[in-house]
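All remarks here apply to the structure that follows.
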Amino acid sequence: MCGRFSLVCSKTAIAQTFNVSSVPDFIPQYNIAPAQTIATIRQDLEQQERQFQLMHWGLIPHWAKDEKIGYKLINARVETVTEKPAFRQAIRSQRCLILADGFYEWQHQGKTKQPYYFQLENHQPFGFAGLWERWNNPNGEENVSCTILTQAANETVRLVHERMPIILSPTVYSQWLDPTLKDSETILSLVQHNPNLRVYPVSSKVNRATYNQPDCILPLDEAVEIL
DNA sequence: CCAGACGTTGTT
DNA sequence: GTCTGG
DNA sequence: CCAGACGTTGTT
DNA sequence: GTCTGG
């Protein structure tokens, strides 16, 4: 699955990689946890241009009575996303790119867990396959939230964990964002991508969701040589 | 018909 | 909102 | 994902 | 054990 990730690259790198004109200032996020505000790109039906959009991580479907459901909907399995009531509408017309440049997975080692950090070999930022929703709270205020699609782990990630987030190829960003593309077979064909990943163990400081320092993504000194 | 769920992961 | 279960 | 709370009454 | 918060 994907329960933590990072976005620490420059505004310039984001503007270039995702072809958006204006990227607002934001603080580097070494340790992004569910419920936090995250950077995304979406394309609305009314808007022709893709736009940078901040969202809350944890999908709150438009029909939800309570925003707490968002804590459970941080991931959507690609194998079932077109069937599940919570995701069925969003997969058709409310897809987004969730901006990241690395992600964490935890490996169970007996009683303890060891976090690992994954990134692209070229260190470039990338887009997770995401879905978004609008939700109005009881005071009528709009909340925009999102979830990350997951798939079976590839060869690299499987050494640590059974599931991994879906990283889209830059060549399909436009189609993924196009809300008029509603054919589920075509949509699901877009997620076929298996980029080479670099992985190393990191400090368990990252376990604490409020810890947001550069050493989150540094290789652990006493590296566990199992990979 | 109404009521209740709507999710993933990991562990047992 | 929409589907499933009773 | 992991960490941390999980409760009420009454008094300060 | 289960839920909430980050």
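Chain letters run A, B, ... following the sequence lines, proteins first and then strands; every chain starts at 1. Nothing here was measured: the structure is a model prediction, and the numbers come from that model. What's counted below: heavy atoms across the whole structure, side chains too, no hydrogens, waters or symmetry copies.
Judged purely by distance below 3.5 Å, without hydrogens or angles, the side chains of A:Tyr117 and A:Ser6 pair a donor atom with an acceptor atom. With 3.5 Å as the limit, one finds no donor-acceptor pair spanning the side chains of A:Asn19 and A:Arg50.
Within 4.0 Å (heavy atoms only), A:Ala76 reaches sugar-phosphate atoms of the nucleic acid but no base atom. When heavy atoms are screened at a 4.0 angstrom cut-off, A:Ile69 is found touching no nucleic acid atom at all. Using a 4.0 Å heavy-atom cutoff across all strands shown, A:Thr150 reaches sugar-phosphate atoms only and no base atom. Residue contacts shown for A:Arg4 include a base, since a base heavy atom lies under 4.0 Å away.
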Hey, can you pull the donor-acceptor pairs under 3.5 Å for the side chains in residues 123-134 of chain A, sequence neighbours left out?
residue	atom	partner	partner atom	Å
A:Glu133	OE1	A:His62	N	3.4

Would you tabulate the side-chain donor-acceptor contacts of residues 140-154 of chain A under 3.5 Å, counting partners in other chains and residues two or more places apart, or write 'none'?
residue	atom	partner	partner atom	Å
A:Glu141	OE1	A:Asn137	ND2	2.8
A:Asn143	ND2	A:His56	ND1	3.4
A:Ser145	OG	A:Ile60	N	2.8
A:Thr147	OG1	A:Leu73	O	3.0
A:Thr147	OG1	A:Ile74	O	3.0
A:Thr147	OG1	A:Asn75	N	3.1
A:Thr150	OG1	A:Arg163	NH2	3.3
A:Asn154	OD1	A:Thr156	N	3.0
A:Asn154	OD1	A:Val157	N	2.9
A:Asn154	ND2	A:Asn194	OD1	2.8

Got a list of side-chain donor-acceptor pairs under 3.5 Å for residues 22-30 of chain A, not counting sequence neighbours?
residue	atom	partner	partner atom	Å
A:Asp25	OD1	A:Lys11	NZ	3.1
A:Gln29	NE2	A:Thr37	O	3.3

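Closest approach of A:Leu177 and A:Cys96 over heavy atoms only: CD2-CA, 3.8 Å. The two residues A:Leu190 and A:Gln175 come nearest to each other via the heavy atoms CD2-OE1, 3.6 Å. For the pair A:Tyr71 and A:Ala35, the tightest heavy-atom approach, listed with the atom from each and the gap, is CE2-CB, 4.0 Å. Pairing each heavy atom of A:Glu162 with each of A:Arg158, the nearest pair is OE2-CG, 4.1 Å. Minimum interatomic distance between A:Trp57 and A:Arg4 (heavy atoms only, all atoms of both residues): CH2-N, 3.8 Å.
Remark: P of B:dT9 and CG of A:Leu149 are 10 Å apart, rounded to the nearest angstrom. Rounded to whole Å, the distance from CD on A:Glu67 to C1' on B:dC6 is 17 Å. As a whole-Å value, the separation of A:Gln109 CD from B:dT11 P is 12 Å. The distance between atom CZ of A:Arg77 and atom P of B:dC6, rounded to the nearest whole Å, is 15 Å. To the nearest angstrom, P of D:dC2 lies 7 Å from CG of A:Asn207. Distance NE2 (A:His108) to C1' (B:dT9): 9 Å, rounded to an integer number of Å. For the pair A:Glu162 CD and D:dC1 P, the interatomic distance rounds to 13 Å; values are reported in whole Å. Separating the OH atom of A:Tyr71 from the C1' atom of B:dT9 is a distance of 18 Å, rounded to the nearest angstrom.
A heavy atom lying under 4.0 Å from DNA chain E marks none of the residues of residues 127-146 of chain A. The stretch residues 78-89 of chain A touches DNA chain B through A:Thr80, A:Lys84, A:Pro85, A:Ala86, A:Phe87, each having a heavy atom under 4.0 angstrom from the strand. Less than 4.0 Å separates DNA chain B from no heavy atom of any residue of residues 176-197 of chain A.
Cluster membership for A:Ile98 and A:Ile187, using ILVMFWY side-chain heavy atoms within less than 4.5 angstrom, is shared.
Across the P atoms, B:dT11 and D:dC2 are found 9 Å apart, a figure rounded to whole Å. Taking atom P in both D:dG7 and E:dT4, the straight-line distance is 11 Å, to the nearest Å. Separating the P atom of B:dA5 from that of E:dG6 is a span of 26 Å, rounded to the nearest Å. Comparing the same atom, C1', in B:dT8 and in D:dC1 gives a spacing of 11 Å after rounding to whole Å. Comparing B:dA3 with E:dG5, their P atoms sit 28 Å apart, to the nearest whole Å.
Residue A:Arg208 places no side-chain N or O under 4.0 Å from the OP1 or OP2 atom of D:dC1.
Distances from the side chain of A:Trp63 to the nucleotides D:dC1, B:dC6, D:dG4 place B:dC6 closest. Set against D:dA3, D:dC1, B:dT9, the side chain of A:Arg163 has B:dT9 as its closest nucleotide.
Judged as a ring-ring contact (aromatic ring centres under 6.0 Å, His included), and not counting sequence neighbours, the contacts of A:Phe103 are A:Phe118. Under the side chain to side chain contact (heavy atoms under 4.5 Å, CB included) criterion, A:Lys84 pairs with A:Thr80, A:Phe87, sequence neighbours left out. Listed by chain and number, the residues in a side chain to side chain contact (heavy atoms under 4.5 Å, CB included) with A:Leu218 are A:Asp215 (sequence neighbours excluded).
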Handout entry: Watson-Crick and G-U pairing of DNA chain D, under 3.5 Å, as dot-bracket with | and [ ]
Key = ||||||......
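Here the side chain of A:Gln36 pairs a donor or acceptor atom with the backbone of A:Ala33 at under 3.5 angstrom.
For the pair A:Ile14 and A:Leu99, the minimum side-chain heavy-atom distance is below 4.5 Å. Side-chain contact check for A:Leu168 versus A:Tyr173: some heavy-atom pair is nearer than 4.5 Å.
Sorted by first and then second residue, the salt bridge (charged side-chain N to carboxylate O under 4.0 Å, His left out) pairs with a member in residues 116-129 of chain A form an empty list; sequence neighbours excluded.
Heavy-atom contacts of chain A under 4.0 Å fall on DNA chain E between two terminal nucleotides, which in 5' to 3' order are E:dT4 to E:dG6.
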